[in-house]
There are 2 protein chains.
Amino acid sequence: MKKCTRVVATALSIAGIPLAQASAQRAATPIASRYRTAANKIISASLADSAAWMRLAELTDTFGHRQSGSAALDSAIDWIVAGMKADGLENVHTEPAMVPHWVRGVESAALVKPRAVKLHMIGLGMSVGTPAGGITAPVIVVHSWQEMTAHASEVPGKIVLFDVPFTNYGETVQYRGGGAVQAAKLGAVAVLIRSVSSGSMQNPHTGWMGYDSAVKKIPAAALSVEDAAMLARMSARGQALVVSLTMNEQMLPDAPSRNVIAELRGSERPDEVVVLGGHIDSWDVGQGAMDDGGGAVAAWEALRTMKRLGLRPRRTVRVVLWTNEETDGRGAEAYRDAHRSELPNHVMAMESDNGVFRPLGYRVTGGRKALAAARDIASLLAPLHATKVSAGGPEADVEKLAELGVPAMSLDVDDTRYFWYHHSEADTMDKLDPREMAQCVALMAVMSYVIADMPVSLPRADAVDSAAAAKKTR
Amino acid sequence: MKKCTRVVATALSIAGIPLAQASAQRAATPIASRYRTAANKIISASLADSAAWMRLAELTDTFGHRQSGSAALDSAIDWIVAGMKADGLENVHTEPAMVPHWVRGVESAALVKPRAVKLHMIGLGMSVGTPAGGITAPVIVVHSWQEMTAHASEVPGKIVLFDVPFTNYGETVQYRGGGAVQAAKLGAVAVLIRSVSSGSMQNPHTGWMGYDSAVKKIPAAALSVEDAAMLARMSARGQALVVSLTMNEQMLPDAPSRNVIAELRGSERPDEVVVLGGHIDSWDVGQGAMDDGGGAVAAWEALRTMKRLGLRPRRTVRVVLWTNEETDGRGAEAYRDAHRSELPNHVMAMESDNGVFRPLGYRVTGGRKALAAARDIASLLAPLHATKVSAGGPEADVEKLAELGVPAMSLDVDDTRYFWYHHSEADTMDKLDPREMAQCVALMAVMSYVIADMPVSLPRADAVDSAAAAKKTR
């Protein structure tokens with residue numbers, strides 16, 4: 001993850017079902033009893049080795065990060081397809097999607113007054129470049145939209161630095177996504193932001209930013225948390241700051257890419273489909289291990305685990321590794337459009353895109369009945385202490401399906417450190433723990449297996465849910 | 001800190017004084033009672049504002065890092081001298097030292113086979129450069145001296161990568177200090193190490209390395225923890241690695257530098273001296289805020305706090321900000337040599353060089369009587385929960401005085417994150433907390449004030465201590 005248009009997940013209480021009562025019900029449900037043996041088999045097999053972590057390490061060490069339009073992404077997709085076929089998975093194929101092809105160029109930022117300091121920067125994804133000679137301009141430091149508005153008369157001709165400390169992603173990322181437009185409206189020549197990050201060691205964080213066709217496009221880059229804070233301190237001391245910014249980023253014509261599909265066909269109702277997946281593209285930094293190689297490989301491993309245990313459910317389980325989550329979500333749109341006629345038979349769609357850290361449980365959309373069923377099934381994860389189920393927005397790729405009524409789930413993980421590494425050079429294999437990743441594999445496999453096999457389909461949202469959903473504003 | 005020749009601090013029990021008994025004695029001592037009011041005044045004044053942190057921020061934002069031989073170090077020294085005079089401190093002056101003048105050049109490392117990846121690297125301090133075209137050679141990955149020895153026949157012509165996970169500084173830093181010599185003896189053409197760091201976000205860590213005049217000098221650099229681990233994984237998969245290393249580092253002729261001195265002259269015994277300080281030089285990365293701008297400014301602020309509270313002790317309190325701790329300790333040698341005749345009257349010398357993080361207490365050398373007295377005085381720090389006193393080796397600058405019998409103390413702090421930032425671009429102001437730094441100021445001020453004022457001088461090591469010290473090998 002994540003684009004900044006994402007709905008922020010929030011924990012909601014389930015109308016009419018007190019937690020204690022729900023918990024008491026859980027212990028007695030036939031579903032939990034029926035699938036305990038299968039779930040325990042899946043958990044044991046997942047935790048027996050470090051296969052998932054090793055596979056992800058080989059993927060990311062061999063191909064590195066996998067930006068939309070890059071040769072590395074294409075090669076990684078070929079490697080995954082070959083591996084899925086070698087695993088004996090079914091109906092392994094790719095499905096096409098044209099994706100934006102934005103490329104980073106040579107880029108740098110430096111404080112030139114009151115003293116020369118090279119700054120730790122990274123251009124924001126989709127940003128235009130600077131003119132060839134770069135942009136050298138005075139800097140105005142602000143800490144909020146309100147502060148910029150209050151100083152609007154000082155903005156023309158300046159570089160605006162949004163030095164906004166991290167609160168939560170949904171709140172802070174607005175400056176990354178919308179900073180260039182808002183500053184350009186007031187006459188700024190470029191925008192810098194404090195990296196959207198909850199912890200830093202001089203690693204600046206990229207990520208999606210947007211333009212408005214009615215407003216001049218100005219270059220946008222992130223500084224490290226450290227450098228943004230330093231400039232803010234200097235400015236607060238009354239020092240006049242001048243920064244030089246050079247970015248040779250370019251938007252090339254759309255490039256072909258692919259979603260990857262693999263299945264275990266259902267034994268009784270093969271046309272009913274449970275989807276699980278992650279996104280295979282990443283930003284052009286680090287290894288894209290956490291965001292989202294881990295989610296993609298965990299989904300793949302979940303399916304492989306069912307296959308090798310001989311657990312073939314009644315319905316089809318389908319792994320989808322979406323392309324282009326980071327820059328435009330074209331993979332998710334392509335999957336939705338290619339499978340639109342099947343969507344009424346999509347029983348559930350699950351994505352992992354918060355890092356394969358220690359799993360806590362699941363976030364669920366799709367109504368109170370789906371939530372109750374998920375809570376029931378999640379009781380099977382008690383051996384992993386990952387039985388937490390809460391209502392919460394879907395990840396970006398699955399959101400396209402959830403919008404059309406497919407119940408959606410996300411892996412809920414201990415993401416304490418997620419925003420330390422996210423979209424930066426520090427998104428690397430060493431940040432992931434083999435055992436925690438194996439636990440995530442177990443969570444994806446247990447939930448998708450049970451939902452694909454249980455006698456009654458996972459219920460969809462009813463009228464009560466729809467009314468509740470209508471009340472919430474986006 | 002720290003050069004790798006440092007003796008690692010170890011907690012020792014005090015011969016013959018069980019802790020419970022020592023604690024019971026503490027509550028009743030006349031010293032603790034006598035100085036409670038003064039100590040509380042110092043603590044309140046130190047914690048009343050963020051002056052120390054603000055001063056350090058201004059120092060480091062204005063001058064940046066302060067490498068031996070750099071113009072920034074010279075300017076920072078001038079700024080400090082002016083500030084100390086403005087504070088009304090006494091006998092403010094500098095004392096000369098000639099320092100090594102090693103300079104980093106353009107440097108880079110890249111994996112060239114099996115795929116092209118730019119590596120996150122930093123040359124080790126004092127390293128020679130590569131030939132102009134760089135060095136491109138196969139890499140052999142080892143995890144210990146033993147493993148290199150076992151594969152000695154494979155080393156000639158190769159770059160040795162010591163991929164040694166961090167255990168503790170004293171143990172792991174040996175590969176940084178001695179890796180080039182040991183690998184060159186076996187015919188290596190260059191050395192890479194996994195950064196000596198307990199946590200990483202792609203920030204490689206520099207630090208001192210040494211050569212042996214009898215062994216060919218080969219270039220030495222650190223990789224980020226992430227990149228070293230990646231190369232080790234690839235090598236373990238049987239992939240042949242080739243790395244290209246370019247370093248234009250140079251050793252210039254020794255440069256003039258200065259220690260900074262400021263005093264509060266003693267009211268009764270001005271010739272008896274309590275020293276407190278930190279080192280004012282840093283590596284050429286980050287802001288040198290934690291290592292050791294924080295220690296230097298905390299010592300300065302401790303003296304200023306006594307001054308503004310009108311606390312003039314019987315003996316002289318002297319702040320010494322040493323130059324050149326990082327690359328050769330020439331400032332410490334110069335101080336020792338210039339003040340050699342005074343050293344019998346040096347009652348105590350204290351340095352802070354582990355970061356001005358949340359203070360725990362003090363580490364003390366100089367014998368069991370000094371330790372007992374320190375424990376007594378430290379009871380005054382109960383309001384800060386910083387009463388821990390343990391035996392432990394001095395910091396590098398004070399070590400030169402401790403070797404000649406001066407009782408030594410170090411600030412003991414919660415250094416959990418010290419080795420995340422140490423000697424890297426991430427050693428910046430935002431890592432330090434204003435309140436924690438103020439607490440460190442209080443610790444330095446209380447201990448040095450009481451020792452400078454108490455009726456009986458802090459006892460020196462006696463025969464029992466000397467015999468015990470002789471048993472310990474360096």
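Per chain, numbering begins at 1; letters A, B, ... match sequence-line order.
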* Structure fact -> Of all heavy-atom pairs linking N203(B) and M201(A), the shortest is ND2-SD, 3.5 Å
* So, for T62(A) and R115(B), which heavy atoms are closest and what is the spacing to 0.1 Å? -> O-CD, 2.9 Å
* Asked: Any side-chain heavy-atom pair from M230(A) and Q287(B) closer than 4.5 angstrom?
  -> yes
* Counting only heavy atoms closer than 4.5 Å, note whether T60(A) contacts chain B via side chain, backbone, both or neither. => backbone
* **Greatest number of heavy atom pairs closer than 4.5 Å to chain B - which of M234(A), Q239(A), E58(A), M429(A)** => E58(A)
* To do: Sort S224(A) into side chain, backbone, both or neither according to what part of it lies under 4.5 angstrom from a heavy atom of chain B.
  => neither
* chain A: which of P114(B), A57(B), G286(B), A229(B) shares the most heavy-atom pairs with it under 4.5 Å? -> A57(B)
* Asked: What part of S424(B) is in contact with chain A, defined as an atom under 4.5 angstrom from a non-hydrogen atom: side chain, backbone, both or neither?
  -> neither
* Hey, is the main chain of Q202(B) close enough, under 3.5 Å, to the side chain of E425(A) for a donor-acceptor pair? -> no
* Asked: Do D61(A) and R237(B) touch side chain to side chain, with heavy atoms closer than 4.5 Å?
  -> yes
* Highest number of heavy-atom pairs under 4.5 Å with chain B: which of H120(A), R233(A), M54(A)? -> R233(A)
